[in-house]
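Please read the structure below before turning to the comments.
Scope of the values below: all heavy atoms of this structure, side chains included, with no hydrogens, waters or symmetry mates. One-based numbering along the sequence shown.
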Amino acid sequence: MRSHHRTAVAVLSLGLVLAACSDAAEPVTAPAQAGEATPTPAPTTQTTDAEDHGAHDAHGGDSHEAVAAGPVSASVLGTSTGSYGPLGEGMGSATNTLVVEGTVTLVKDEYGTQISTNVTGLMSGQPHAAHLHDGSCTDFGGHYMHDHAGPPEPPNEIWLSSSSDPAGSLEPSRTGSAIGSGGADWVPRETPLSMMIHDSEFPGLPIACADFAAYDGPVTLVLEPAADGVEAVEYSLDGGEWVTYEGPVEITGAGSHTVAYAPAGERDDAPQITFTLAGAR
């Protein structure tokens, strides 16, 4: 039964999540010397309604590093579908016995991002938190946050909800199945992403994960100046010659692709993005 005593839960949750997540890198406070007051540890996350939505950074801790804005922004628009599977030993809730199956679809387009899921095997009558995570199912990160300095909740994060509440949970039927969706008006950075479903029981560790490992078909590359003074942009696809970007570019063909991009004439140390297409339509 989920606890709703927020103050006690927030304090206890911190201790349990740090103990359960061996890869959570948190600062350690040195013991107080005799006669000194014991220092109060700083909170690891901002206190929000996320406390009742599963451990915010369960597995991976707060892995979001500050990313300096470059002179050109790059987005890859397309659709990616993942299938849920169990987490490896020691990576998820050790007490989980549920067999969670189903798919989740991520759509990135000119309007933003939409994610939808149809899942079975959840605990009937118990809400399950589900969040877009930064990193793959085997390389855990915390919740994906569009603004690293922003709050750990929608619309800065994407959570799947069975209701119209963007901060809601998946609400399983009597048979343990659930549908849910979530979205935002932004497009995630081109980095490994996954969807994690969390245990309904405190402290809400992950019990199933789906990777967005590849795009289902062709994608559209969008490059935009992100700094003053950038009048033209160039790009190179898969190590080919540099060409002037004149508008959205469709990329087809199964396999891995790499795009380098930069302001015109500034190709040295140009940033790159890499992504995979599962197949052409």
Problem set entry | Pair F275-E190, side-chain contact (heavy atoms from CB on, under 4.5 Å): steps then yes or no | CA-CA 8 Å; F275 49 90; E190 195 58 35; 3.6 Å; yes
For this session: Apply side chain to side chain donor-acceptor pair (under 3.5 Å) to the pair D216 and T81, showing each step before the final yes or no.
Result: CA-CA 7 Å; D216 299 344; T81 302; 2.8 Å; yes
Under a 4.5 Å cut-off applied to non-hydrogen side-chain atoms, are [X] and [Y] in contact?
X: P188; Y: Y144; value: yes
X: T276; Y: Y215; value: no
X: V100; Y: T120; value: no
X: H143; Y: W159; value: yes
X: Y235; Y: V72; value: no
X: H128; Y: M123; value: yes
X: S73; Y: L223; value: no

Between [X] and [Y], what is the shortest heavy-atom contact and its length?
X: P172; Y: A178; value: CA-CB, 3.9 Å
X: L87; Y: C209; value: CD2-CB, 4.1 Å
X: S256; Y: T274; value: OG-CG2, 3.6 Å
X: I273; Y: A74; value: CD1-CB, 4.0 Å
X: S169; Y: P127; value: CB-CB, 3.8 Å
X: L277; Y: P218; value: CD1-CA, 4.3 Å

Rounded to the nearest 0.5 Å, what's the gap from [atom1] on [X] to [atom2] on [Y]? Could you check?
X: S136; Y: D211; atom1: OG; atom2: CG; answer: 5.0 Å
X: S80; Y: L106; atom1: OG; atom2: CG; answer: 6.0 Å
X: F202; Y: L205; atom1: CZ; atom2: CG; answer: 9.0 Å
X: K108; Y: I115; atom1: NZ; atom2: CD1; answer: 10.0 Å
X: H131; Y: M145; atom1: NE2; atom2: CE; answer: 12.0 Å
X: S116; Y: M195; atom1: OG; atom2: CE; answer: 9.5 Å

Flag, side chain of [X] to backbone of [Y], donor-acceptor distance under 3.5 Å:
X: S194; Y: G135; result: yes
X: N156; Y: P151; result: yes
X: S163; Y: D165; result: yes
X: H198; Y: G204; result: yes
X: D185; Y: G112; result: no

Exercise. Who pairs with V107 by side-chain contact (heavy atoms from CB on, under 4.5 Å), at least two apart in sequence or on another chain?
Worked result: T79, T105, D109
Problem set entry | Sole residue of T117, V119, N118 in side chain to side chain contact (heavy atoms under 4.5 Å, CB included) with I179 | N118
Exercise. In a check of side chain to side chain contact (heavy atoms under 4.5 Å, CB included) between L132 and each of V104, T113, L160, L193, which one passes?
Worked result: L193
Side-chain donor-acceptor pairs of residues 225-234 under 3.5 Å, sequence neighbours excluded:
unit_1, atom_1, unit_2, atom_2, d
E234, OE1, G265, N, 3.2
E234, OE1, R267, NE, 3.0
E234, OE1, R267, NH2, 3.4
E234, OE2, R267, NH2, 3.2

Problem set entry | Any side-chain donor near an acceptor of the partner, S83 and T103, under 3.5 Å | no
Problem set entry | Pairwise side-chain hydrogen bond (donor to acceptor under 3.5 Å, both in side chains) hits with a residue in residues 237-251, at least two apart | D238-H257
Exercise. Should the ring pair W186 and H146 be called parallel, tilted or perpendicular, given that the plane angle runs from 0 to 90° and is split at 30 and 60?
Worked result: parallel
Problem set entry | Trace of the side-chain contact (heavy atoms from CB on, under 4.5 Å) decision for L77 with V219 | CA-CA 6 Å; L77 308 182; V219 299; over 6 Å; no
Exercise. Does V187 belong to the same Ile/Leu/Val/Met/Phe/Trp/Tyr cluster as Y111, with side-chain heavy atoms less than 4.5 Å apart forming each link?
Worked result: no
Problem set entry | side-chain contact (heavy atoms from CB on, under 4.5 Å) evaluation trace for V259 with L221 | CA-CA 9 Å; V259 176; L221 171 70; 3.8 Å; yes
For this session: Decide yes or no on side-chain contact (heavy atoms from CB on, under 4.5 Å) for L122 and S177, but give the supporting numbers first.
Result: CA-CA 6 Å; L122 300 178; S177 62; over 6 Å; no
